[in-house]
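Right, one structure below, let's go through it.
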Amino acid sequence: TYVAPEQALDAKRVSPTADVYSLGATLYHAIAGRPPFLPGPQLVQQLFEEDPPPLHRLRPDCPPDVSALVHRLLEKEPDDRPRSAALVAEKLRERRAKHFPG
């Protein structure tokens with residue numbers, strides 16, 4: 001349930017953005033209490049054809065900017081995701097500094 005769509009096709013031809021997807025799936029699960037897609041026979045099809053349920057629907061208390069970031073990590077196309085986990089960490093640090101100064 002944490003594998004990037006491109007990794008489901010060919011594990012040998014993935015980039016660091018597959019790890020970014022997996023990070024997004026992990027964050028989604030931590031926030032929502034469930035993975036973006038539930039395990040089952042349609043899992044691979046869902047990876048390619050569906051978006052995970054919006055975090056704000058599962059967790060109305062999730063800040064919109066956090067929800068948007070997590071969903072960006074779960075983009076189907078690797079080029080639509082942040083290039084690295086380091087960039088994601090930077091965004092989260094910026095958010096923390098903005099909302100919790102000092």
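When reading the values below, keep in mind they use all heavy atoms of this one structure, side chains included, and skip hydrogens, waters and symmetry mates.
Here the side chains of Arg95 and Pro63 are in contact, with some heavy-atom distance below 4.5 Å. Here the side chains of Tyr21 and Leu74 are in contact, with some heavy-atom distance below 4.5 Å. Considering only heavy atoms from C-beta on, Tyr28 stays 4.5 Å or farther from Pro35 through its side chain. In this structure, the side chains of Arg72 and Pro82 come closer than 4.5 Å at one or more pairs of heavy atoms. Looking at heavy atoms from C-beta onward, His71 lies in side-chain contact with Pro52 at the 4.5 angstrom threshold. Put simply, the side chain of Asp51 reaches to within 4.5 Å of the side chain of Lys76, judged on heavy atoms. Side-chain contact between Leu69 and Leu92 is present, with at least one heavy-atom pair separated by less than 4.5 Å.
Note: Ser84 OG to Glu90 CD = 8.5 Å, rounded to the nearest 0.5 Å. Leu43 CG to Glu50 CD: the interatomic distance, rounded to the nearest 0.5 Å, is 10.0 Å. Atoms CZ and CZ, on Arg81 and Arg83 in that order, are 10.0 Å from each other to the nearest 0.5 Å.
For the residue pair Gln46/Gln42, the side-chain donor-acceptor check at 3.5 Å is not satisfied.
Under the 30°/60° scheme for interplanar angles, the aromatic rings of His29 and Tyr2 are found to lie parallel.
Judged purely by atom type and a 3.5 angstrom limit, Thr17 has no side-chain atom pairing as donor or acceptor with the backbone of Val20.
Using a 4.5 Å cut-off between side-chain heavy atoms of Ile, Leu, Val, Met, Phe, Trp and Tyr, with links allowed through other members, Leu87 and Leu73 fall into different hydrophobic clusters.
Salt bridge annotation for Lys12-Asp10: absent, with no cationic side-chain nitrogen under 4.0 angstrom from a carboxylate oxygen.
Contact detail for Ala18 and Val14: the closest heavy-atom pair is CB-CB, 4.0 Å. For the pair Cys62 and Ser67, the tightest heavy-atom approach, listed with the atom from each and the gap, is SG-N, 3.9 Å. Val3 approaches Ala8 most closely through the heavy-atom pair CG2-N, 4.0 Å. Here the shortest heavy-atom pairing between Val70 and Gly24 reads CG1-O, 3.7 Å.
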Candidate pair Arg59 and Val66, rule side chain to side chain contact (heavy atoms under 4.5 Å, CB included), full reasoning: CA-CA 11 Å; Arg59 287 294 303 265; Val66 172; over 6 Å; no
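By the 6.0 Å contact criterion, NZ on Lys91 is open, its count of non-hydrogen atoms from other residues, nucleotides or ligands being 12 or less.
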